Amino acid sequence: MPIITINGKRFEVAKGTRIIDFATDQEIAARLNGRLVDLATVVEEDCEVELISFSSDEGKEVYWHSTAHLLAHAVKELFPEVKLAIGPPIAEGFYYDFDFKRPFTDEDLVLIQERMYEIKNRNLPIERLVMKRPVAIELFRKLGEIYKVELLEEIEEPEVTLYKQGDFIDLCRGPHLPSTGKIGSFKLLSVAGAYWRGDESRPMLSRIYGISFPTAEELDRFLVMREEARNRDHRVLGPRLGIFRMFEEAGPGLVVWLPNGMVIRRLIEEYWIEEHKKAGYRFILSPHIGRACLWQKSGHLDYYRENMFIFPYGEEEYVIKPMNCPFHLLVYKSETRSYRDLPLRLAELGTVYRDERSGVLHGLLRVKGFTQDDAHIFCTKEQVVDEVTGVVELALRFLKCYGFERYRVDLSVRDPHHKERYLGDDQIWEMAESGLIEALNRLDLKYREAPGEAVFYGPKIDIHAYDALGRSHQLTTVQFDFNLPHRFGAVYINRAGESEEVVMIHRAIYGSIERFIGILIEHYGGDFPLWLAPVQVAILPVSRNQAQYGRRILSRLRRSNLRVFLDLRNERLNYRIRDAETRKIPYMLIIGDREQKEKKVSVRKRKEGDLGSMPIKEFLRRIRDEIKKKA
RNA sequence: GCUGGCGUAGCUCAAUGGUAGAGCAGCGCAUUCGUAAUGCGCAGGUUAGCGGUUCAAGUCCGCUCGCCAGCUCCA
């Protein structure tokens, strides 16, 4: 009799026992000897089984995948002429792509969702079928499912698996839930176009997105979170808080910074400059335009002409710079460099312009003009690990300061099957990749290796930060560049007096200031910490009688270098409190006769309320401390 | 760039093909107020732009611009 070890406990079972006999209601799939399988799987021999529930990532995948099938099932019942493409789980939920003669409308979504609940309630068993590949091809051909046939024709295994629930059948690796009734609460969220297999030249399909959870409460919580994300949208908050605006008249993808935004931007840049000074960087500033031949030399013109702003100038062409690097190389090359000069760290808050395809623009997160917090480190091979370590350390210090508690590190290396697509020989790639890895190890950082994600001119480390809502944003990037030093002939004189090609590391911490502030607005939900808040304190006299006292406090705080607003408007106190609150001002000082008499201020904190009254000195101490801690 | 959706006052939103309207914000007046919206009044519009259909277009059609959800792209 087979011995089955379930979640570490051993059982002796009769042949033909199914895993589901050991599962509770929460469990939806299993890992059998390391492989994900259906609960209906029959145990034939000794094995190790781990039961999987929705709470794990794998569980969610299975759950959402089954919901995607339920969606396709409902669509097929309502619109039999629809052809099925693919329907995988994604990071949050699932989608299914359909080929339909017209796009789906919101009304369709309502109908489809209703039908999904109906099918769920039929509680159809979800069955796994194993079939010879040609048999499956024949089956789908008969069904008219041309996309499935195309997929099948590319599969190499002789046998394929299909999943069937009622009359609905789909090509699928699985596993799935045991029956449609196991799917709890779900909601279809949106429709959008998507190319078949992500290829612009292939047909455009209709994609329906959805999400599902075991319970209605979890679904509600998800929808509330989605609503919260919507409330934090930097494209709404930015203009409302006077941070930035974009104008149709000014052109798409171009940002105009408003006074409040400039306060934030300056502080972020000043902090960046301070930290970089401490880390041994030197600063330069390069022009916004330059001769096209410079970009010809760098290779950018050949690769990215479509995305560059180019204009004629006399007999030649000029470009608006899309990158700072060529200028930095000119600076590097402007003197004969000795190994004693290295590492040379040249930093620049360089504003660049790229002509992005119209459909990709998105608030501050993707714009046509932006400022990179750029730097290029020129060093020797021996210095690589130290330099990379320094950059990553610096980056993590910044992340922490802005309250990004969680982050993910990606190491992007060559696609091992297509080494010919990359510039530079194996030796230099190995030096660079091992340098990056050694730096990460030195910092004891876990990382995810991403083969094929490297840029053609070198490997890189990317740091993705998770914001307050758990969404990830790529910020820091550390890239090797084997292309530019070579093209520009950037060398140094080594100890032996020979000229040697310098190693160039390109890096940005924030990435782009625009994008970073967009992320910050959403991360903080507009509630910028005191050190960044455009207005830090609002002084609210209860009535006109305290106007004089208010002015005295105003000048006192201003002298302490605080950003203060004295609200003498002819409005009730409640109105002005509400106004300061919606403008996200961190502190309100409410002053009435009592405070005036006692030479105190009554302190109210944003979102927290009344903190009671205290002498101004005490208040000042308190907020100076808070500013210093950048809390 | 592609697919689909959208575009009315600074903002949020109304208006069967038949006189463009409300709340908030703004301005004025009254009120001088103790921890999230005081009352009254005034002003605010080439309905994104251009063209067409119609006796009549915010509404129907076409083109352009912009925005949104995705896809593709992101040095």
Side-chain angles (χ1 to χ4, degrees), chain A residues 95 97 100 102-106 189-209 230 233 235-236 239-240 245-253 295 298-308 321-326 352 354-363 365-368 370 372 374 455-458 460 474 477 479 481 483-484 506 508 511-512 515 540-547 568-583 588-595 602-613:
Chain A
Y95 67 78
D97 284 346
F100 192 29
R102 60 170 178 85
F104 293 106
T105 63
D106 289 347
L189 299 172
S190 61
V191 206
Y195 301 107
W196 169 233
R197 316 197 93 176
D199 184 339
E200 283 186 85
S201 64
R202 307 296 300 268
M204 178 66 77
L205 308 170
S206 281
R207 173 172 295 179
I208 298 179
Y209 285 89
R230 216 167 266 164
D233 192 329
R235 293 167 299 184
V236 179
R240 189 158 76 70
R245 277 208 69 145
M246 298 171 95
F247 298 90
E248 187 173 341
E249 300 91 320
W295 304 94
S298 71
H300 290 106
L301 209 49
D302 290 335
Y303 272 96
Y304 299 106
R305 186 171 252 281
E306 288 305 297
N307 293 310
M308 287 169 65
K321 74 169 166 182
M323 285 221 90
N324 307 302
C325 350
V352 299
R354 299 177 183 179
D355 190 8
E356 303 286 0
R357 294 169 87 178
S358 63
V360 306
L361 301 174
H362 183 91
L365 301 187
R366 190 82 181 267
V367 289
K368 287 192 181 178
F370 57 98
Q372 293 182 312
D374 208 0
V455 202
F456 71 91
Y457 53 73
K460 59 173 179 168
Q474 199 218 297
T477 185
Q479 311 183 343
D481 193 330
N483 178 41
L484 292 178
H506 172 116
S512 108
R515 187 182 141 74
L540 311 180
V542 172
S543 78
R544 272 285 149 83
N545 300 332
Q546 298 85 30
L568 286 175
R569 285 179 301 173
N570 181 16
E571 294 288 351
R572 293 178 61 196
L573 178 62
N574 275 352
Y575 177 92
R576 287 172 292 148
I577 287 175
R578 185 188 151 80
D579 190 57
E581 202 71 59
T582 57
R583 285 161 57 190
M588 287 162 243
L589 297 183
I590 290 149
I591 52 175
D593 284 334
R594 276 204 301 280
E595 286 75 14
S602 174
V603 180
R604 185 191 160 102
K605 195 166 184 188
R606 169 182 66 191
K607 293 178 104 173
E608 286 176 28
D610 197 355
L611 299 184
S613 65

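Hydrogens, waters and symmetry mates play no part in the numbers below; they use all other heavy atoms, side chains included. Because the structure is predicted, anything quoted here is derived from the model rather than measured. Letters A, B, ... are given to chains in the order of the sequence lines, protein chains preceding strands, and every chain is numbered from 1.
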Sequence neighbours excluded, which residues qualify as ring pair (Phe, Tyr, Trp, His ring centres under 6.0 Å) partners of A:Phe370? none
Test ring pair (Phe, Tyr, Trp, His ring centres under 6.0 Å) applied to A:Phe456 - qualifying residues, sequence neighbours left out: A:Tyr303
Take [range] nucleotide by nucleotide from the 5' end and write B, S or -, depending on whether a protein heavy atom sits under 4.0 Å from the base, only from the sugar-phosphate, or from neither.
range: nucleotides 59-65 of chain B; answer: ------B
range: nucleotides 22-27 of chain B; answer: ---SS-
range: nucleotides 69-75 of chain B; answer: SBBBBBB

On a whole-Å scale, what distance lies between the C1' atoms belonging to B:G7 and B:A14?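 Straight-line distance between the two C1' atoms is 16 Å.
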Establish, from distance only, whether the side-chain atoms of A:Asp593 and A:Gln546 form a donor-acceptor pair under 3.5 Å. yes
What contact category does A:Glu306 fall into here, base, sugar-phosphate, or nothing, at under 4.0 angstrom with non-hydrogen atoms? nothing
List every contact pair, protein side and nucleotides 39-47 of chain B side both N or O, where the distance is under 3.5 Å.
none

Side chain of A:Thr582 only, please: which of B:A36, B:G34, B:U38 is the nearest? B:A36
Check every atom of B:G34, B:U32, B:A37 against the side chain of A:Ser543 and return the nucleotide holding the closest atom.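 Nearest nucleotide to the side chain: B:U32.
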Just need the stems in RNA chain B: three or more back-to-back Watson-Crick or G-U pairs, each with both distances under 3.5 angstrom, sorted by first number.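 Stem list for RNA chain B: B:1-7 with B:65-71, B:10-13 with B:21-24, B:26-30 with B:38-42, B:48-52 with B:60-64.
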Which residues pass the side-chain contact (heavy atoms from CB on, under 4.5 Å) test with [X], sequence neighbours left out?
X: A:Ala547; answer: A:Arg551, A:Leu568
X: A:Asp233; answer: A:Arg235, A:Val236, A:Glu522
X: A:Arg230; answer: A:Arg226, A:Glu227

Salt bridge (Lys or Arg N to Asp or Glu O under 4.0 Å) with A:Glu581: which residues, sequence neighbours excluded? A:Arg604
For A:Arg569, what residues pass the salt bridge (Lys or Arg N to Asp or Glu O under 4.0 Å) criterion, not counting sequence neighbours?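 Salt bridge (Lys or Arg N to Asp or Glu O under 4.0 Å) check on A:Arg569 returns A:Asp567, A:Asp579.
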Exam field: side chain A:Arg354 to backbone A:Tyr304, donor-acceptor pair closer than 3.5 Å: no
Indicate whether OP1 or OP2 belonging to B:U32 is found under 4.0 Å from a side-chain N or O atom of A:Asn545.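 No, outside the criterion.
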Can you say whether a donor on the side chain of A:Gln546 sits under 3.5 Å from an acceptor on the base of B:G34, or the other way round?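 Side chain to base: no pair below 3.5 Å.
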On RNA chain B, does the nearest nucleotide to A:Leu205 precede the nearest nucleotide to A:Gly253 from the 5' side, or the other way round? Give the residue. A:Leu205
